[in-house]
Amino acid sequence: MQREEKQLEASLDALLSQVADLKNSLGSFIYKLENEYDRLTWPSVLDSFALLSGQLNTLNKVLKHEKTPLFRNQVIIPLVLSPDRDEDLMRQTEGRVPVFSHEVVPDHLRTKPDPEVEEQEKQLTTDAARIGADAAQKQIQSLNKMCSNLLEKISKEERESESGGLRPNKQTFNPTDTNALVAAVAFGKGLSNWRPSGSSGPGQPGQPGAGTILAGTSGLQQVQMAGAPSQQQPMLSGVQMAPTGQPGKIPSGIKTNIKSASMHPYQR
């Protein structure tokens, strides 16, 4: 007798431990659904369901273990019913059952489901027994096919959404370079304002040097003063000018004006 009582107590302790773990997991999952629904992801929900399923399987294994006594053979009889508040009962039930009266005893000590639920369960069992093995196999295959098609559609939608979400994020230009280019074209920002200045060679006082180069928008122009000593002209853009007083061809693209010193337009 004492051995059976100890075995019953050990089984109850193991069962209470499994139930407490299951209760904590359920409480955590319900808290996420109520308070963290905006940040909750589908993989997290699946993980919670997998944890609950594992704990339920463990609880079933404990109940079906050979060393676990049959709890259905144990009878619980309420010894005292009182409408007054019971603090010990409140502590043990974590505030769920404040009193142990005739109103709550039928619900907490019920060993069978409600008559309506029991009737529905019997109806489902009867309908399942009427279906033959072939018909049941066909229904199972049809259900599996529908589930497979649904999973394929969901996977396709996920792939399309991922590819569509990655496409706009791929950057094909440099914003800094684009802004610098627009500023340079529209406002001239960063462009150099440098122009080549004219240089005068050695010559007579009061006269500019021969081969003076003037920069302009229409091209390059060389001005050679009359009366200047005959000397070799400088190279201009890679083309050597013909010496003064000697016949020769002027390279194409270069204009040569010969004026007197008094009429030089740039004399100062």
Side-chain angles (χ1 to χ4, degrees), residues 1-128 136 140 143-144 146-148 150-151 154-155 158:
M1 189 67 181
Q2 294 180 354
R3 181 181 178 183
E4 292 180 356
E5 290 180 356
K6 290 182 179 179
Q7 188 176 3
L8 179 61
E9 291 179 359
S11 300
L12 285 175
D13 291 340
L15 187 62
L16 289 175
S17 176
Q18 296 296 330
V19 171
D21 294 339
L22 181 60
K23 181 180 71 68
N24 293 332
S25 300
L26 281 173
S28 177
F29 183 50
I30 293 173
Y31 178 83
K32 289 181 180 180
L33 292 177
E34 293 178 350
N35 300 284
E36 300 178 2
Y37 57 90
D38 53 341
R39 301 188 303 272
L40 199 61
T41 60
W42 182 242
S44 177
V45 174
L46 292 180
D47 292 341
S48 299
F49 274 116
L51 178 60
L52 294 174
S53 177
Q55 290 177 344
L56 286 173
N57 290 331
T58 305
L59 183 61
N60 288 330
K61 289 181 180 179
V62 171
L63 292 174
K64 294 179 181 179
H65 197 269
E66 58 182 6
K67 293 184 179 180
T68 302
L70 293 177
F71 293 106
R72 68 180 62 181
N73 296 334
Q74 306 294 327
V75 179
I76 300 176
I77 301 175
L79 300 179
V80 178
L81 297 178
S82 174
D84 299 333
R85 184 184 182 90
D86 191 347
E87 297 297 334
D88 294 337
L89 184 63
M90 282 279 294
R91 184 176 62 257
Q92 293 178 3
T93 58
E94 298 180 355
R96 293 189 298 270
V97 183
V99 296
F100 199 66
S101 62
H102 63 282
E103 296 180 358
V104 300
V105 165
D107 294 332
H108 292 283
L109 300 183
R110 184 188 300 273
T111 58
K112 290 185 178 182
D114 293 337
E116 297 178 358
V117 177
E118 189 174 3
E119 187 65 27
Q120 292 179 1
E121 185 178 359
K122 289 181 179 180
Q123 185 66 30
L124 292 174
T125 304
T126 305
D127 295 341
I140 291 173
L143 180 60
N144 291 335
M146 292 174 59
C147 293
S148 300
L150 182 60
L151 289 175
I154 293 174
S155 300
E158 289 180 353

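Note that the structure is predicted; figures quoted are calculated from it, not measured. By convention here, the first residue in the shown sequence is residue 1.
- For Glu118, the CD atom counts as densely surrounded, since its 6.0 Å shell holds more than 12 non-hydrogen atoms of other residues, nucleotides or ligands.
- Checking side-chain atoms of Ser28 against main-chain N and O of Asn24 turns up no donor-acceptor pair under 3.5 Å.
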Under the side chain to side chain contact (heavy atoms under 4.5 Å, CB included) criterion, do Gln55 and Leu51 qualify, and how do the steps go? CA-CA 6 Å; Gln55 290 177 344; Leu51 178 60; 3.9 Å; yes

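- Under a cut-off of 6.0 angstrom, the local environment of CD in Gln7 is crowded, with over 12 non-hydrogen atoms contributed by other residues, nucleotides or ligands.
- Considering CG of Asp114 and CD of Gln120, their distance stands at 10.0 Å, rounded to 0.5 Å.
- The side-chain heavy atoms of Val99 and Pro83, taken from C-beta on, include no pair separated by under 4.5 Å.
- In this structure, CG on Leu26 lies 11.0 Å from CG on Asp21, to the nearest 0.5 angstrom.
- Rounded to the nearest 0.5 angstrom, Phe29 CZ and Leu40 CG are separated by 7.0 Å.
- Around CD of Glu116, the count of heavy atoms belonging to other residues, nucleotides or ligands within 6.0 Å does not exceed 12.
- In this structure, NE2 on His65 lies 11.5 Å from CG on Leu63, to the nearest 0.5 angstrom.
- Separating the OG1 atom in Thr41 from the NZ atom in Lys32 is a distance of 9.0 Å, to the nearest 0.5 Å.
- No donor-acceptor pair under 3.5 Å is formed between the side chain of Thr68 and the backbone N or O of Lys64.
- Checked against ring pair (Phe, Tyr, Trp, His ring centres under 6.0 Å), Phe100 has no partners two or more places apart in sequence or in another chain.
- Within 6.0 Å of the CD1 atom in Ile76, the count of heavy atoms belonging to other residues, nucleotides or ligands does not exceed 12.
- Summarising the geometry, atom OG belonging to Ser17 is positioned 11.0 Å from atom CG belonging to Leu22; distances are rounded to the nearest 0.5 Å.
- When all heavy atoms of Thr93 and Leu89 are compared, the pair lying nearest together is OG1-O, 2.6 Å.
- When side chains are defined from C-beta on, Val104 does not count as touching Leu109, because their heavy atoms never get closer than 4.5 Å.
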